[in-house]
Each structure stands twice: as C-alpha cells, then as structure tokens.
Amino acid sequence: MNSVGADCSELKRVYDLCFNRWFAEKFLKGERSGEPCADLFKQYQECVKKAIKEKDIPIEGLEFMGPKREKSSSSSSST
Amino acid sequence: MVKYYQGVNELKCEWDQVFSAFWQRYPNPYSKHVLTEDIIHREVTPDNRLISRRLLTKTSRVPQWAERFFPTNVAHSAFILEDSVVDLKSKTLTTFTRNINHARFMMVEERCVYGMSSENNNWTQIKREAWISSNLSGFSRAIQECGLARFKNSVTKTLKGFEYVLAGTQGETPAKTLRETAKEATEKAKETALAATEKAKDLAHKAGSQQYV
C-alpha cells in the first residue's frame, strides 16, 4: 500500500515486511524483543513526517484512542 | 445530537490470524477508496502492549446536495486516524478511528474490540460502536442519516476485505462472488463478439478485394 509521501512508499514497504514478520513470529508468541525494526522505522518516519508537514495534514493534538464517551440516547443498532 | 451505532460481527478465523491480517488488510478488492496508509506512531509498552497510530487517506464522495458546503479549492480526500492497542494478555485488539478533516461537515468515530468469539474459540468477534455527528446547522440530521447509511455499507466492505486478506494469508483463493463471475462472463462474451466482428470484416474485405481484382 502506498504512503502519503510518494517518496516514502519503498521505505514503508521494507518496514512493513519487517514488522509483519516480527508481529507474527515474535509479538504474538509473547516474546519480548523491544521496539520492532527500529532502524527501518526511523528512516520511514523521517520521510513520512516530512510529507505530512508538507501536505499540512492535521494530526497534532489528538488524544490517543479518543475521548471516553457514553452511549448516545439516539441510538440505532444493527448486526 | 449524535447518531449511535452498535453491531457485532464474526470472522471465521482465529484471533491471532485476524490480528496479523489487520496490519495487511490494504490493499484489497473492497478497499479501492483507500489511497494511502501509513504508520505514524508505534511503540511497545513495558507491559507488552503494542500501540500504533495509522493515517489513512480515502477518497470521500460527497452527496450532490452537499457539494455546496465544500469550497471548490478544497481537496475531497479524507484523512483518517486509526489508533490501536494489541493486548496479548486479554487477547484483544482495540481500535479507535475518526476522520480528521471535514469534521464540521461530518465526524465519524468508531471503536472496535476484536477478540475471541464466545460462541467458538476458533473464531474472532468484532464488537463495533460508532458515533456520527455533524455541526452543520439545519442539515445535521440529514447528514447524520446519510452518514449512518454509508457507515453500515462500509462495515460490509471492511468485513469482505478482511475475509479476502485472511483467505490470502492462509493460502486459499477466496470464492468469487456470483456478480464477479457474471461480470467476467459478460466481458468474455464481449471479447468473443468483437473478435467475430473483426473476423467478419476481414473476410468481407478479402471477398471484396477478390471481386474487384
């Protein structure tokens, strides 16, 4: 899948390969191995952060996992 | 006012396969609206939870009656932020997803918890909640209704995409839908018809040339 930064897609591809292997072979098996693919991630992040800044994508100041909220009274359910 | 949605779906695969597929779900044939995908934050916490933030760009089709709310110079792409926590202790993957632009027009916030199904340990259950809101006075109700209908539609696509990716990671080809098979047959028929027309033209041309030589 392409990155938002056209130049970052190759860095992302290499990182994704490394991460997916780590996730399936280490993380899911409960092995503690620190940060996955740290060097590849750093290179990819430098590229993608630059692209986000250039495109002015508003990612700053958003709470992780969003606000805690209650169910609304106007509800619609579906399965 | 906020529209609330709640739903539960099952994927007939084990939780760890689903968690792996979660990171590999794009692209798939049902995600043509997803243009880009990036991880913009990732860390493993001391208690061994994996925390990630993913940024997605999607094409956002706006209903025609709502076009007037968008200045023509504004790109219609929607930016989506998806936070997630993979917790091995509870065998859960929890996500929180929301759009970060066009938020005054419509905000869709979705929370999903993926975990082992209570009915069958080999299956994965997705508990989904969503909140759809709009701050456009006078139109918020219509926009919310439209947003909810679309959200339901997108849930179906998400599940189909997941099933496709899961079948791929397990080395199977997903069964083609009837519609896809029919479409292929139609295209094949068109090609055959076109080839026949060409052949007939060619023969007619040859016959013509023979007559006049």
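Order of the sequence lines sets the chain letters (A, B, ...), proteins ahead of strands, with each chain counted from 1. All of these numbers come straight from a predicted model, not from anything done at the bench. Computed from heavy atoms alone, side chains included, the values below leave out hydrogens, waters and symmetry copies.
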Chain A contact via [X] - side chain, backbone, both or neither, heavy atoms under 4.5 Å:
{"X": "B/Y26", "result": "both"}
{"X": "B/T94", "result": "both"}
{"X": "B/T156", "result": "neither"}
{"X": "B/E109", "result": "side chain"}
{"X": "B/I100", "result": "both"}
{"X": "B/S31", "result": "neither"}

Taking atom types as modelled and ignoring hydrogens, do the side chains of B/S117 and B/E10 form a donor-acceptor contact shorter than 3.5 angstrom? yes
Pair count under 4.5 Å, heavy atoms only, with chain A: among B/V155, B/L35, B/T57, highest is B/L35
Best-contacting candidate, B/I39, B/D16, B/V34, B/L55, against chain A by heavy atom pairs under 4.5 angstrom: B/I39
Determine whether [X] and [Y] make a side-chain contact, defined as any pair of heavy atoms from C-beta on separated by less than 4.5 Å.
{"X": "A/Q45", "Y": "A/F41", "value": "yes"}
{"X": "A/F23", "Y": "B/S20", "value": "yes"}
{"X": "A/K26", "Y": "A/R21", "value": "no"}

Interface moiety of A/V48 toward chain B, non-hydrogen atoms closer than 4.5 Å: side chain
Check: [X] side chain, [Y] main-chain N or O, donor-acceptor pair, under 3.5 Å:
{"X": "A/S9", "Y": "A/N2", "value": "no"}
{"X": "A/N20", "Y": "A/L17", "value": "no"}
{"X": "A/E35", "Y": "B/V44", "value": "yes"}

Answer yes or no for B/R42 and A/W22: cation-pi contact, defined as NZ/CZ to six-membered ring centre under 6.0 Å and angle to ring axis within 45°. no
Stacked cation flag B/R54 on B/F22, 6.0 angstrom / 45 deg: yes
Heavy atoms under 4.5 Å from chain B: which residues of residues 52-59 of chain A carry them? A/I52, A/I57, A/P58, A/I59
Roughly how far, to the nearest 0.5 Å, is the CZ atom of B/F139 from the CD atom of B/E145? 15.0 Å
